[in-house]
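Have a look at the structure below, then the notes.
In the text below, chain A, chain B and the rest are named by the order of the sequence lines, each starting its count at 1.
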Amino acid sequence: MVCKLSTKLMNICVASFCKLQQLEKAESIIIDAIRLGTLPDVVTYNTLVSAYCHFVDLDSGYLILNRMKEAKIHPNVITYNSLLSGASKHSLHSKCIELFNEMGTMGIQPDVWSYNILIQCYFRLGKPEEANMIFHSFKSQNLSPCSTTFNTMFNGFFKTGYTHHALSLFRSSQRNGIFTPELLTYNILINGLCKSGWIRAARMILKELKESGFKPNAITYTTIMKHCFKSRKFQEGIEVFNEMKNNGYTYDAFSYSTLSSAFAKKGRLEEAYRIFKLMTEKGIEKDLVSYNILVNMYCIEGKIDKANDLLSEIQEFGLQCDQYTHTTFLDGLCRSGEIDRALDYLKYMDTLGFDSNLVAYNCMVDRLCKVGCSNDALRIFERMEVKDCITYTSMVHNLCKERKFLTASKVLLACLNRGMKVLRGTQRVVVKGLHSLGLYSEARKVQYLFH
DNA sequence: TTAGGGTTAG
């Protein structure tokens with residue numbers, strides 16, 4: 001005798017397979033259930049939309065939405081939140097806004113979750129003002145921001161350089177009693193403040209974290225340790241690592257990678273290798289970032305063949321080399337003076353389909369100059385469609401070193417006219433150089449754009 | 001749906 005499957009039981013089975021990323025099995029459960037006379041409902045379809053958006057892509061989520069409409073089941077706010085989340089996860093920010101507006105035309109009222117994703121989306125698009133407007137529209141929508149809303153606002157403000165806004169929103173929400181900070185909030189604030197250079201404020205927040213009865217976690221420690229290394233307080237960074245270790249927070253590759261990379265940057269390679277050895281002895285597996293640091297260490301030592309072997313090993317371990325791996329290796333080739341090989345590698349990287357190889361190109365331009373091939377560097381520089389402050393600073397700086405001040409000033413003027421800046425010191429060197437060659441009118445042009 | 005580690009200029 002064949003029993004009819006209840007909708008609730010079917011949905012539990014579908015959700016379990018979706019969680020395990022076994023989407024085909026989830027679909028086959030639905031087919032079997034239909035054969036037995038049980039039809040999927042809005043919960044079944046929402047589970048599928050969410051899984052396809054999360055594990056496959058947004059288009060697959062859309063296909064489920066269409067199937068849902070064909071089955072005459074109306075999508076609800078949860079359906080759209082899954083699609084919004086899928087668009088956000090795959091960095092399709094404009095699509096996210098489109099979907100949000102589509103909710104309106106479908107007569108679906110967005111909830112706090114929908115607004116949170118929309119806020120995140122505007123921050124990622126570099127539009128903090130818009131994000132802030134949405135945040136302030138909550139009241140008129142009869143919605144109350146939740147802790148994720150606040151955390152997203154703080155983090156977004158920091159990421160877009162609105163440090164003051166982040167801190168004042170934090171203080172005002174505390175004063176008004178509309179928000180109680182969580183450990184996550186404190187970590188967002190400490191990270192943002194450290195990165196903005198607001199060290200005193202960061203210390204104060206760390207103090208408040210402890211006074212609120214929270215204990216710093218692995219993320220708090222890694223954030224502070226990273227900041228110490230960045231601000232050249234090396235010993236203090238090591239002390240943070242030790243404290244972290246004593247409190248049992250060095251259980252993953254994050255802490256070891258941070259410390260090892262800091263040693264490598266200081267040229268203390270033996271200690272950097274020792275940290276990785278310690279990590280392996282603890283039974284912690286290296287992830288791609290750890291391997292990338294190791295590739296960099298071999299490159300710093302000039303062991304380019306060893307680095308190349310490691311690239312193959314990474315793939316053998318089932319990991320996929322990323323932009324960082326390839327850029328680090330490319331930089332190693334340049335550092336070892338293997339320019340032709342590096343130029344071939346750069347072409348190879350172009351075929352890998354990364355979003356941008358800007359860092360790799362910057363690296364190539366700088367290293368070519370350093371090995372005395374500034375004309376080759378200039379050719380690459382002129383071919384580059386996207387350039388940033390680093391590209392210009394590197395080119396101008398190296399041309400000045402070769403006393404090619406007129407060429408340097410042309411590059412600098414192009415940079416300033418595009419609204420980008422190079423270090424003030426570099427600009428001064430150009431002006432001084434032009435004066436030394438008697439090129440006073442060219443020097444005036446640069447000085448005019450100085451301010 | 002929100003936080004931490006890796007590459008390039010000075």
Side-chain angles (χ1 to χ4, degrees), chain A residues 54 81-82 84-89 96 111-121 123-124 146-156 158-159 182-192 194-195 216-227 229-230 241 244 249 252-262 264-265 286-297 299-300 322-332 334-335 357-367 369-370 387-398 400-401 422-427 429:
Chain A
H54 195 260
N81 283 351
S82 296
L84 284 169
S85 164
S88 167
K89 184 183 157 66
C96 205
D111 63 7
V112 179
W113 190 302
S114 332
Y115 276 100
N116 286 350
I117 302 173
L118 189 69
I119 287 174
Q120 167 83 295
C121 177
F123 275 125
R124 285 191 180 153
C146 65
S147 63
T148 301
T149 320
F150 282 103
N151 290 336
T152 306
M153 288 300 295
F154 302 141
N155 194 37
F158 282 124
K159 290 261 162 75
E182 310 161 331
L183 181 57
L184 172 63
T185 318
Y186 287 112
N187 283 345
I188 290 170
L189 292 167
I190 293 168
N191 180 42
C194 280
K195 281 191 177 153
N217 67 2
I219 294 175
T220 328
Y221 281 118
T222 317
T223 308
I224 297 167
M225 179 166 62
K226 171 89 203 297
H227 165 72
F229 292 136
K230 214 177 148 198
F241 179 82
M244 198 176 170
Y249 287 120
D252 62 12
F254 275 56
S255 51
Y256 289 95
S257 299
T258 312
L259 185 60
S260 184
S261 165
K265 274 186 186 160
K286 282 196 272 295
D287 62 3
L288 183 61
V289 176
S290 320
Y291 279 113
N292 286 348
I293 296 168
L294 208 52
V295 169
N296 193 35
M297 278 152 64
C299 288
I300 291 170
D322 65 0
Q323 236 167 320
Y324 288 100
T325 328
H326 293 299
T327 308
T328 307
F329 183 65
L330 175 91
D331 190 46
C334 296
R335 260 200 280 222
N357 274 345
L358 178 63
V359 178
Y361 274 89
N362 281 352
C363 194
M364 200 72 227
V365 165
D366 188 60
R367 297 293 182 198
C369 290
K370 292 226 162 46
K387 300 182 184 91
D388 65 0
C389 297
I390 294 174
T391 329
Y392 284 106
T393 307
S394 178
M395 201 65 241
V396 173
H397 174 81
N398 284 304
C400 286
K401 266 171 108 178
V422 300
L423 294 172
R424 290 185 80 83
T426 307
Q427 279 186 226
V429 173

Residue A/Ile219, side-chain atoms from C-beta onward, closest of B/dA9, B/dG4, B/dG5: B/dG4
Between A/Ser147 and A/Glu182, a side-chain donor and acceptor under 3.5 Å: yes
Closest listed nucleotide, where the reference is the side chain of A/Ile390 and the choices are B/dG5, B/dA9, B/dG10: B/dA9
Distance, rounded to the nearest Å, where A/Tyr186 contributes OH and B/dG4 contributes C1': 18 Å
Side chain of A/Ile117 - closest among B/dG5, B/dT1, B/dT8: B/dT1
N/O (side chain, A/Lys401) to phosphate O (OP1/OP2, B/dA9) under 4.0 Å: no
Phosphate-side-chain proximity, A/Asn362 and B/dA9, N/O vs OP1/OP2 below 4.0 Å: no
N/O donor-acceptor pair, side chain A/Thr223 with base B/dG4, under 3.5 angstrom: no
B/dG4 pyrimidine/purine six-ring stacking with A/Phe254, under 5.5 Å and 30°: yes
Touch class at under 4.0 angstrom, heavy-atom based, for A/Thr327 against every strand present: base
Residue A/Lys370, side-chain atoms from C-beta onward, closest of B/dG4, B/dA9, B/dT7: B/dA9
Distance in angstrom units between A/Tyr392 OH and B/dG10 P, rounded: 18 Å
Value in whole Å for how far the C1' atom of B/dT8 lies from CE of A/Met395: 14 Å
Rounded distance (Å) that lies between atom C1' of B/dA3 and atom NE2 of A/His227: 17 Å
By salt bridge (charged side-chain N to carboxylate O under 4.0 Å, His left out) - contacts of A/Lys370 (at least two apart): A/Asp366
Partners meeting side chain to side chain donor-acceptor pair (under 3.5 Å) with A/Asp252 (sequence neighbours left out): none
Interatomic distance where OH belongs to A/Tyr221 and P belongs to B/dG5 [whole Å]: 17 Å
Derivation of the side-chain contact (heavy atoms from CB on, under 4.5 Å) call for A/Thr220 and A/Asn217: CA-CA 5 Å; A/Thr220 328; A/Asn217 67 2; 2.8 Å; yes
Proximal nucleotide (of B/dT7, B/dT1, B/dA3) relative to the A/Ser85 side chain: B/dT1
Any A/Asn155 side-chain N or O less than 4.0 Å from OP1/OP2 of B/dA3: yes
Residue pair A/Cys299 / A/Asp331, side-chain heavy-atom distance below 4.5 Å: no
With A/Asn116, the side-chain hydrogen bond (donor to acceptor under 3.5 Å, both in side chains) member among A/Thr149, A/Thr148, A/Asp111: A/Thr149
Integer-rounded Å distance: B/dG5 P and A/Lys230 NZ: 9 Å
Check: A/Phe241 ring centroid to A/Tyr221 ring centroid under 6.0 Å: no
Presence of A/Lys265 side-chain N/O under 4.0 Å of B/dT7 phosphate oxygens OP1/OP2: yes
d(NE2, A/His54; C1', B/dT1) in whole Å: 11 Å
Closest nucleotide among B/dT7, B/dG4, B/dA9 to the A/Asp252 side chain: B/dG4
Rounded interatomic separation in angstrom, taking CZ from A/Phe154 and P from B/dG4: 15 Å
A/Gln120, nearest nucleotide to its side chain (from B/dG5, B/dT8, B/dT1): B/dT1
Proximity to the side chain of A/Thr148 - top-ranked nucleotide from B/dT7, B/dA9, B/dT2: B/dT2
Distance below 4.0 Å between A/His397 side-chain N/O and B/dG10 OP1 or OP2: yes
Base B/dG4 to side chain A/Asn217, donor-acceptor N/O within 3.5 Å cut-off: no
A/Trp113 aromatic ring stacked with six-membered ring of B/dT1, 5.5 Å and 30°: yes
Closest to the A/Leu184 side chain, choosing from B/dA9, B/dG5, B/dA3: B/dA3
